[in-house]
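Since the structure comes first, as structure tokens, the remarks are kept for the end.
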Amino acid sequence: NAQQHGHIDVQIVSMVERLFAENKGGVFRGIDFNMSLNEALEVEKNTELFILDDEEGNFFGVSVDFKNAVAIEFADIVYDFDAAGLYYITVEAYLASKETSEKMCNVIKTRMTKAYGKGILAEDGFLVWDAYDEKSGYNYQLAILDFSTVDEPGFYFEIYALEAEGATD
């Protein structure tokens, strides 16, 4: 096991970096709470759009390709908006193997724990971290769940504002 020997899998780290795009700042991928759909769309304009709610403007989704030459690996990210702007982000990552999913989750968990302290395991199996966003003044949570089966490896990652109007629906 490479991790026990202190080696970090470079490919896994680069997949996490591609997903989180932390260099763009923001709460996630350069996007902040309270951004309008159009503002967030502008930030994600170079990412493949797979769904857009044109009628009410309540959500859009992009797909991040992990550029695996051997297998199809990607993450679908959906951004949800209410009258105040962005309040909910969901990520569904689909990976080539259970091992890849586990490794990615471990890298993400380590990063979240470094940033927000120890996560709490919720009843539904999600590991949850509490956070505060100074820009919007929102308390929010981040959560991860490795849903991998042998046939369908992958994980969920969520970020949601606790004060947002739409969060109580």
Inset, instruction - With sequence neighbours excluded, give me every side chain to side chain donor-acceptor pair (under 3.5 Å) pair touching residues 117-126. - result: none

Inset, instruction - Indicate whether the side chain of Asn58 and that of Glu56 have a donor and an acceptor atom separated by less than 3.5 Å. - result: yes

Inset, instruction - Any chance you could measure Ile144, atom CD1, to Ile159, atom CD1, to the nearest 0.5 Å? - result: 10.5 Å

Inset, instruction - Give the minimum heavy-atom separation between Ala40 and Phe81, together with the two atoms involved. - result: CB-CZ, 3.7 Å

Legend entry - Within 6.0 angstrom of Leu121 CG, more than 12 heavy atoms from elsewhere: yes

Legend entry - Any donor-acceptor N/O pair, Thr113 side chain to Thr110 backbone, under 3.5 Å: no

Legend entry - Sequence-distant partners of Ser63, side chain to side chain donor-acceptor pair (under 3.5 Å), two or more places apart: Asp76

Legend entry - Spacing of Leu142 atom CG and Tyr160 atom OH [to the nearest 0.5 Å]: 8.5 Å

Inset, instruction - Decide yes or no for Leu41 and Asn38: does some side-chain heavy atom of the first lie under 4.5 Å from some side-chain heavy atom of the second? - result: yes

Inset, instruction - Mind running side-chain contact (heavy atoms from CB on, under 4.5 Å) on Thr47 and Val64 for me, showing each step along the way? - result: CA-CA 7 Å; Thr47 316; Val64 175; 4.0 Å; yes

Inset, instruction - Keeping the roles fixed (side chain from Glu158, backbone from Ala143), state whether a donor-acceptor pair exists under 3.5 Å. - result: no

Inset, instruction - List the atom of Tyr79, the atom of Glu44, and the distance in Å for their closest heavy-atom pair. - result: OH-OE2, 2.6 Å

Legend entry - Common cluster, Phe33/Tyr132, ILVMFWY with side-chain heavy-atom separation under 4.5 Å: no

Legend entry - Contact check, side chains of Ile31 and Leu86, non-hydrogen atoms, under 4.5 Å: yes

Legend entry - Smallest separation among heavy atoms of Ala122 and Val128, with atom names: CB-CG2, 4.1 Å

Legend entry - Enclosure of Ile120 CD1 (heavy-atom neighbours >12, cutoff 6.0 Å): no

Inset, instruction - Decide whether Glu152 and Thr149 meet the rule of one side-chain donor and one side-chain acceptor closer than 3.5 Å. - result: no

Side chains of residues 15-25: which donor-acceptor partners sit under 3.5 Å, not counting sequence neighbours?
from  : atom 1 : to     : atom 2 : distance (Å)
Glu17 : OE2    : Arg111 : NH2    : 3.2
Glu22 : OE1    : Arg111 : NH1    : 3.1

Legend entry - Any side-chain heavy-atom pair of Tyr138 and Leu162 under 4.5 Å: no

Legend entry - Met112 CE to Ile108 CD1 distance, which is reported to the nearest 0.5 Å: 7.0 Å

Inset, instruction - Working to the nearest 0.5 Å, report the span between CD1 of Ile72 and CG of Leu95. - result: 12.5 Å

Inset, instruction - Could you grab the distance from atom CG of Asp80 to atom CD1 of Ile89, nearest 0.5 Å is fine? - result: 9.5 Å

Legend entry - side chain to side chain contact (heavy atoms under 4.5 Å, CB included), paired with Phe59, selected from Leu52, Thr90, Ile51: Ile51

Inset, instruction - Provide the closest heavy-atom pair for Asn34 versus Ser136 in the form atom of the first, atom of the second, distance. - result: ND2-CB, 3.8 Å

Legend entry - The single option from Phe50, Phe60, Tyr88 passing side chain to side chain contact (heavy atoms under 4.5 Å, CB included) against Val78: Phe50

Legend entry - Distance (rounded to the nearest 0.5 Å) between Lys135 NZ and Met35 CE: 5.5 Å

Inset, instruction - Using a 4.5 Å cut-off on heavy atoms from C-beta on, say whether the side chain of Val91 contacts that of Phe28. - result: yes

Legend entry - Thr100-Ser97 side chain donor-acceptor pair, cut-off 3.5 Å: yes

Inset, instruction - Could you tell me whether Glu102 and Lys98 have a side-chain N and a carboxylate O separated by less than 4.0 Å? - result: no

Legend entry - Ser101 side chain to Gly154 backbone, donor-acceptor under 3.5 Å: yes

Legend entry - Between Tyr156 and Asp146: side-chain donor-acceptor atoms closer than 3.5 Å: no

Legend entry - Result of checking Phe74, Phe66, Phe155 against Tyr94 for ring-ring contact (aromatic ring centres under 6.0 Å, His included): Phe74

